[in-house]
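Data first, discussion second: the structure below is written as structure tokens.
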Amino acid sequence: MTHWTKMDKDELERQYSPSRWSHRMSADDVIKAHVKALKEGTERARDLAQTLLNVPYGEGDGEKLDVYIPKTNTLDVHLVVYLHGGYWQFLSKEESGFMAVPLIDKGVVVVAVGYDIAPKGNMDLMVSQVRRSVVSVVQQYSHISGLYLCGHSAGAHLAAMVLSTDWSQYSITPQIKGAFLVSGIYDLQPILSTYVNEPLKMTEEVAVRNSPSKLVPQLKLSSSSCQIVVAVAEHDSPEFRKQSEEYYKALEQSGLSVTMEDVANTDHFNIIEQLVDGEYHLTKLLLKMMGKN
């Protein structure tokens with residue numbers, strides 16, 4: 001496959017337009033269906049769980065969490081922090097509670113994180129926000145027996161940035177046991193000249209310092225005991241698949257505990273939508289990681 005630096009703008013934009021690679025429906029329809037699926041899943045989760053909505057983790061308007069709490073008496077809870085996708089410019093925590101549906105039954109708390117998407121938020125701010133959100137969760141839930149991260153697409157990028165945090169600058173070092181990075185982008189440089197960067201307005205310098213692929217040594221320092229799953233959809237674009245494969249290889253070569261999941265019969269969207277289902281491959285993998293299978 002041609003290296004991204006040799007692609008013209010049209011081909012690069014095609015590679016970084018996930019909706020154009022779905023085998024299920026047209027580009028517009030797959031996005032509409034995605035939003036609908038996430039909203040419906042989140043509504044189900046809000047019916048099933050006790051919820052704490054719009055819990056602040058910082059001073060900013062967008063710095064809020066939604067917490068989905070199982071009906072359990074145990075103090076030692078497993079907690080999953082979910083970081084939503086949407087290319088850092090769409091979606092919100094309002095459609096991000098869906099994965100709580102199968103986890104609530106198993107006594108797992110799910111926290112959906114809001115952050116300031118572009119153009120209000122820039123990349124440095126979003127990365128800072130998600131890091132602070134995790135610190136806040138750890139401070140608010142001192143009895144977490146296992147802290148896990150899950151992010152999709154742009155959210156997988158942000159989750160990888162959380163794993164790559166130098167926690168010495170924070171009041172606390174979160175002990176993250178596991179992370180699911182689903183159809184993510186780990187090198188931001190290829191998107192600089194595409195439509196994706198129009199609202200983000202990233203310079204090369206910003207893209208490099210916020211690229212997890214450049215921060216593997218820091219991840220090794222901060223998250224060496226974290227079990228990492230890099231998941232990619234069969235029908236993700238070749239560039240998206242390559243991003244996941246290269247990031248997985250970099251983590252593996254650093255001696256980290258990482259596995260690669262190439263999820264058959266999925267595209268960029270339903271690979272995450274199906275986490276609403278307890279029988280779905282990635283849901284079962286997450287529960288197994290928590291010892292709840």
Just by modelled atom types, is the Asn270 backbone N or O under 3.5 Å from a matching donor or acceptor in the Gln274 side chain? yes
In chain order, what residues pass the salt bridge (charged side-chain N to carboxylate O under 4.0 Å, His left out) check against Lys64, with sequence neighbours excluded? none
For the pair Val135 and Val138, evaluate side-chain contact (heavy atoms from CB on, under 4.5 Å) and give the outcome as yes or no after the intermediate values. CA-CA 5 Å; Val135 168; Val138 173; 5.9 Å; no
Could you tell me if the side chain of Ile228 sits less than 4.5 Å from the side chain of Leu219, heavy atoms only? yes
Sequence neighbours excluded, the answer for salt bridge (charged side-chain N to carboxylate O under 4.0 Å, His left out) partners of Glu273 is none
Heavy-atom donor-acceptor pair, Thr283 side chain to Glu279 backbone, under 3.5 Å: no
With a 4.5 Å limit on heavy-atom distance, are the side chains of Tyr115 and Tyr57 in contact? yes
Within the side chain of Ser22, is there an N or O that forms a donor-acceptor pair under 3.5 Å with the backbone of Ser19? no
Are any side-chain N or O atoms of Asn122 and backbone N or O atoms of Leu125, one a donor and one an acceptor, separated by less than 3.5 Å? yes
Quick one: which residue pairs count as a salt bridge (Lys or Arg N to Asp or Glu O under 4.0 Å) with a foot in residues 226-240, not counting sequence neighbours? none
Can a donor-acceptor pair be found between the side chains of Asp166 and Ser168 at a distance below 3.5 Å? yes
Partners passing salt bridge (charged side-chain N to carboxylate O under 4.0 Å, His left out) against Asp262 (at least two apart in sequence or in another chain): Arg241
Minimal non-hydrogen separation, Ser222 against Leu163, with atom names: CB-O, 3.6 Å
Is the ring pair His23/His235 parallel, tilted or perpendicular, if the boundaries are 30 and 60 degrees? parallel
Other than Val30, what residues sit in its cluster of Ile, Leu, Val, Met, Phe, Trp and Tyr side chains whose heavy atoms are under 4.5 Å apart, directly or through others? Met25, Ile31, Phe269
Donor-acceptor pair, side chain of Ser213 and main chain of Tyr186, under 3.5 angstrom: yes
Answer yes if the side chains of Gln15 and Lys242 hold a donor-acceptor pair under 3.5 Å, and no otherwise. no
More than 12 heavy atoms of other groups within 6.0 Å of Lys6 NZ: no
Step-by-step side-chain hydrogen bond (donor to acceptor under 3.5 Å, both in side chains) determination, Gln139 to Ser171: CA-CA 10 Å; Gln139 287 169 331; Ser171 56; 3.1 Å; yes
Heavy-atom donor-acceptor pair, His152 side chain to Gly86 backbone, under 3.5 Å: no
Which residues, ordered by chain and number, are linked to Trp21 in its hydrophobic cluster, where ILVMFWY side chains connect at heavy-atom gaps below 4.5 Å, directly or through other members? none
Counterpart residues, side-chain hydrogen bond (donor to acceptor under 3.5 Å, both in side chains), relative to Glu198 (two or more places apart): none
Residues in side-chain hydrogen bond (donor to acceptor under 3.5 Å, both in side chains) contact with Ser136, at least two apart in sequence or another chain: Gln140
If Ile, Leu, Val, Met, Phe, Trp and Tyr residues are connected whenever their side-chain heavy atoms lie under 4.5 Å apart, and connections chain through other members, are Leu282 and Leu181 in the same group? no
Taking side-chain contact (heavy atoms from CB on, under 4.5 Å) as the definition, give me every residue that meets it alongside Leu52, ordered by chain and number, with sequence neighbours left out. Val55, Val67, Ile69, Tyr141
Donor-acceptor contact present, side-chain Thr51 to main-chain Leu53, <3.5 Å: no
With sequence neighbours left out, write down each residue that passes side-chain contact (heavy atoms from CB on, under 4.5 Å) with Lys177, or none if nothing qualifies. Tyr148
Donor-acceptor pair, side chain of Ser211 and main chain of Asp187, under 3.5 angstrom: no
Are any side-chain N or O atoms of Glu95 and backbone N or O atoms of Val35, one a donor and one an acceptor, separated by less than 3.5 Å? no
Leu103 vs His78 side-chain heavy atoms within contact, under 4.5 Å: no
Is there a chain of hydrophobic side chains (I, L, V, M, F, W, Y, each step under 4.5 Å between heavy atoms) that links Leu79 to Leu287? no
Give me the ring orientation class for His157 and Trp88: parallel if the planes are under 30° apart, tilted from 30 to 60°, perpendicular past 60°. perpendicular
All side-chain hydrogen bond (donor to acceptor under 3.5 Å, both in side chains) counterparts of Lys36, not counting sequence neighbours: Glu40
Which other residues end up in the same hydrophobic cluster as Val208, if Ile, Leu, Val, Met, Phe, Trp and Tyr are linked when side-chain heavy atoms come under 4.5 Å apart? none
In terms of hydrophobic clustering (I, L, V, M, F, W, Y; side-chain heavy atoms under 4.5 Å; direct or indirect links), are Leu275 and Met260 co-clustered? no
